[in-house]
Amino acid sequence: MGHPSPKYSAEFKQQAVRLYRERGGTYAEIARELGCDAGSISDWVKRADAAQAPPEDNPFKVAEENRRLRREVERLRRENEILLKASAFFASRQL
């Protein structure tokens, strides 16, 4: 079994992309300097390019926010389902 992938913050990813673009080195060089995987930097650069966002925007922060919101929506759906079942249970007991 492999080791779990480390979680990097949106700011770290953005900084890695900026560093790669400013220095123009290889992914491996930047990865050694930052202590992460070259494949990760490659993915981050590709995602940043695909987003074509202005430099002040952080596409990784948007992705983190989307994940957070999806988790929240799922939690709210579960809570709603529990409330619906509870109301049906109590309605049937009163009849």
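Because only heavy atoms are used, hydrogens play no part in the values below, and waters and symmetry mates are left out as well, while side chains stay in.
The CZ atom of R47 sits 6.5 Å away from the CG atom of D43 when rounded to the nearest 0.5 Å. To the nearest 0.5 Å, atoms CG (D37) and CH2 (W44) are separated by 8.5 Å.
Here the shortest heavy-atom pairing between A16 and I30 reads O-CG2, 4.2 Å. Here the shortest heavy-atom pairing between G35 and Y8 reads O-OH, 4.0 Å. Here the closest non-hydrogen pair linking V17 and V45 is CG2-N, 3.9 Å.
Looking at heavy atoms from C-beta onward, Q15 lies out of side-chain contact with L34 at the 4.5 angstrom threshold.
Ionic pairing of E74 and R70 is not present here: no N-O contact between side-chain nitrogen and carboxylate oxygen is shorter than 4.0 angstrom. Of the charged side-chain nitrogens involved, none lies within less than 4.0 Å of a carboxylate oxygen, so that E81 and R77 do not count as a salt-bridged pair. Ion pairing between E64 and K13 fails under the 4.0 Å rule for side-chain N and carboxylate O.
Proximity of a side-chain donor or acceptor of E29 to a complementary backbone N or O of T26 within less than 3.5 Å is detected. In this structure, S87 contributes its side chain and L83 its backbone to a donor-acceptor pair below 3.5 Å.
Applying the ring-ring contact (aromatic ring centres under 6.0 Å, His included) test to residues at least two apart or on different chains, the pairs with a partner in residues 15-39 are Y20-Y27.
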Show, in sequence, the C-alpha distance, side-chain angles and deciding distance for N80 and L76, and conclude whether the side-chain contact (heavy atoms from CB on, under 4.5 Å) test is met.
CA-CA 6 Å; N80 191 37; L76 292 171; over 6 Å; no
E72 and L69: side-chain contact (heavy atoms from CB on, under 4.5 Å), yes or no, with the steps?
CA-CA 5 Å; E72 184 176 350; L69 290 172; 4.1 Å; yes
